[in-house]
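Just below is one structure, and these are the notes that go with it.
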There are 2 protein chains.
Amino acid sequence: MNQTQAFDPRANPAAVIDHTLLRPTATAAEIAQLCEEAVEYGFVSVCVPPRFVPQVAEQLYGSGVLTGTVVGFPLGYASSESKVFETREACALGAQEIDLVIPVGAALAGEFSIIQDEITRVVAAAKPATVKVILECCYLSDFQKSALATIVVAAGAAYVKTSTGFGSGGATLEDVQLLRQVVGVRAGVKAAGGIRDLQGFEAMRTAGACRIGTSAGVAIVQAWRQREGLP
Amino acid sequence: MNQTQAFDPRANPAAVIDHTLLRPTATAAEIAQLCEEAVEYGFVSVCVPPRFVPQVAEQLYGSGVLTGTVVGFPLGYASSESKVFETREACALGAQEIDLVIPVGAALAGEFSIIQDEITRVVAAAKPATVKVILECCYLSDFQKSALATIVVAAGAAYVKTSTGFGSGGATLEDVQLLRQVVGVRAGVKAAGGIRDLQGFEAMRTAGACRIGTSAGVAIVQAWRQREGLP
């Protein structure tokens with residue numbers, strides 16, 4: 001997760017894509033198809049609503065594709081206690097990656113210690129699962145983003161992530177660069193929200209993202225294969 | 001909640017308004033102001049993010065204004081177990097009203113028993129707090145809305161509610177009429193999402209809603225006072 005070597009455009013994008021389906025209308029059948037695609041294309045993980053974790057963990061068992069889900073998603077203002085509960089339950093049911101939303105209003109009010117405590121507790125509850133902390137950058141100043149990225153590292157989370165995809169804006173190149181500058185090699189940076197094609201994917205990778213959340217993973221990999229002359 | 005007598009436009013709208021602030025950026029200071037307004041104007045309740053329940057319950061103690069919060073909000077796809085946990089925690093901390101979001105994808109897949117079981121469990125966990133069940137009508141067919149309204153009654157919830165305010169559409173008059181027709185006097189109907197002025201409020205009341213969720217409560221009551229020639 002901490003790789004900072006230059007992005008290699010010849011490498012398969014699938015290896016860093018969280019294949020994502022988080023629409024509120026998603027059905028069990030659509031989630032099953034998502035998992036099939038993840039195995040076929042070799043995505044690093046799927047990211048699905050919590051209630052589908054048991055189904056996904058079973059379907060992906062032994063495939064090498066990780067089961068990921070979301071906590072406190074997408075508004076981030078559930079109680080810390082309930083986020084810990086959600087995390088513990090999801091991991092017990094097979095989740096290997098947890099994308100946690102911080103309470104954005106606490107950041108806006110300068111209540112950073114609330115946020116650090118919450119992340120620390122969720123990281124402990126998730127162990128050994130990977131925790132990615134979503135800042136929802138569209139609502140934050142650069143100072144707040146920097147302070148929060150520092151907190152994410154201090155709390156022991158593996159990744160800082162730009163966006164839920166449900167806020168007023170998604171990932172921007174400037175945000176990815178800023179977050180990477182702050183965390184250095186101490187954490188990964190995940191870009192998500194509005195990444196819809198190979199060009200957008202590569203721009204985010206070049207800006208410093210080492211994980212990409214998108215529901216356009218299949219199209220991105222197909223475009224890459226075509227460009228590289230692969231079958 | 002079960003009143004079906006004709007709507008009286010001379011009655012104070014505040015008595016049926018859930019004074020609502022559910023933006024992800026809401027701060028403790030904004031929530032405190034919301035509570036002040038609720039007491040000043042006599043709203044039936046406030047509806048706030050879960051993490052503010054302790055603050056609100058303390059501020060409203062003895063005021064007669066009810067403390068309300070949301071569970072599984074706004075996407076509805078948290079696990080049933082975590083919704084029960086959120087409900088139990090919120091009620092232990094002082095919540096008197098719980099607005100629960102159903103798993104919409106389960107309804108679209110025809111998995112109605114999952115939804116009925118979940119509502120039944122949340123109602124039990126909330127007791128004696130009031131449970132309002134949000135269907136998120138914008139994603140549903142009329143058949144699905146009717147089936148779900150019947151399920152809400154069977155599961156013992158007090159209200160069926162149209163929308164979260166975060167979906168692709170808010171409350172419509174047609175949906176309120178349909179839900180009222182199905183539940184009759186066996187449950188209340190709460191309209192929420194996009195109700196921004198006195199005209200919209202009264203249209204929803206006339207259509208059969210006996211509770212209104214809105215963040216425009218102050219403006220609605222002021223417009224009503226002006227029209228009625230009250231100070």
Side-chain angles (χ1 to χ4, degrees), chain A residues 21-32 48-54 69-90 92-93 95 101-111 114-115 118 134-136 138-140 144 164-168, chain B residues 21-32 48-54 69-90 92-93 95 101-111 114-115 118 134-136 138-140 144 164-168:
Chain A
L21 178 48
L22 292 169
R23 276 187 288 102
T25 52
T27 62
E30 291 172 322
I31 296 291
V48 301
R51 75 183 192 89
F52 295 113
V53 165
T69 191
V70 291
V71 163
F73 193 87
L75 301 179
Y77 53 42
S79 72
S80 296
E81 200 65 33
S82 75
K83 290 175 178 176
V84 168
F85 180 91
E86 272 195 284
T87 301
R88 201 171 281 142
E89 187 197 23
L93 294 171
V101 188
I102 64 158
V104 181
L108 297 177
E111 300 163 344
I114 291 177
I115 300 172
E118 182 175 289
I134 308 175
L135 305 187
E136 201 68 304
C138 58
Y139 301 125
L140 301 170
Q144 289 159 342
T164 61
F166 289 84
S168 59
Chain B
L21 179 48
L22 292 169
R23 276 186 287 104
T25 53
T27 62
E30 291 173 322
I31 295 291
V48 301
R51 75 184 191 89
F52 296 113
V53 165
T69 192
V70 291
V71 163
F73 191 86
L75 301 180
Y77 54 42
S79 72
S80 296
E81 200 64 33
S82 76
K83 290 176 179 177
V84 167
F85 181 90
E86 273 195 285
T87 301
R88 201 171 281 142
E89 185 196 24
L93 294 172
V101 188
I102 64 159
V104 181
L108 296 178
E111 299 162 345
I114 291 179
I115 300 173
E118 181 174 288
I134 307 174
L135 305 188
E136 202 66 307
C138 58
Y139 301 125
L140 301 170
Q144 289 160 341
T164 62
F166 288 83
S168 59

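Order of the sequence lines sets the chain letters (A, B, ...), proteins ahead of strands, with each chain counted from 1.
- Residue A:Ala78 touches chain B through both its backbone and its side chain, counting heavy-atom pairs closer than 4.5 Å.
- Of all heavy-atom pairs between B:Pro74 and A:Leu75, the closest is CD-CD1, 3.6 Å.
- Neither the backbone nor the side chain of B:Ala29 comes within contact range of chain A, judged by heavy atoms closer than 4.5 Å.
- Interface remark: A:Glu89 contributes side-chain atoms only to the contact with chain B (heavy atom separation under 4.5 Å).
- Of the two parts of A:Phe166, only the side chain, counted from C-beta on, holds a non-hydrogen atom closer than 4.5 Å to a non-hydrogen atom of chain B.
- Considering CD of B:Glu111 and OG1 of A:Thr27, their distance stands at 8.0 Å, rounded to 0.5 Å.
- For the pair B:Tyr77 (side chain) and A:Arg23 (backbone), a donor-acceptor distance under 3.5 Å is absent.
- Here the CZ atom belonging to B:Arg51 is positioned 15.0 Å from the CD atom belonging to A:Glu81, to the nearest 0.5 angstrom.
- When heavy atoms are compared at a cutoff of 4.5 Å, A:Ala107 does not approach chain B at all.
- Contacts between A:Leu93 and chain B at a heavy-atom distance below 4.5 Å are absent for every atom of the residue.
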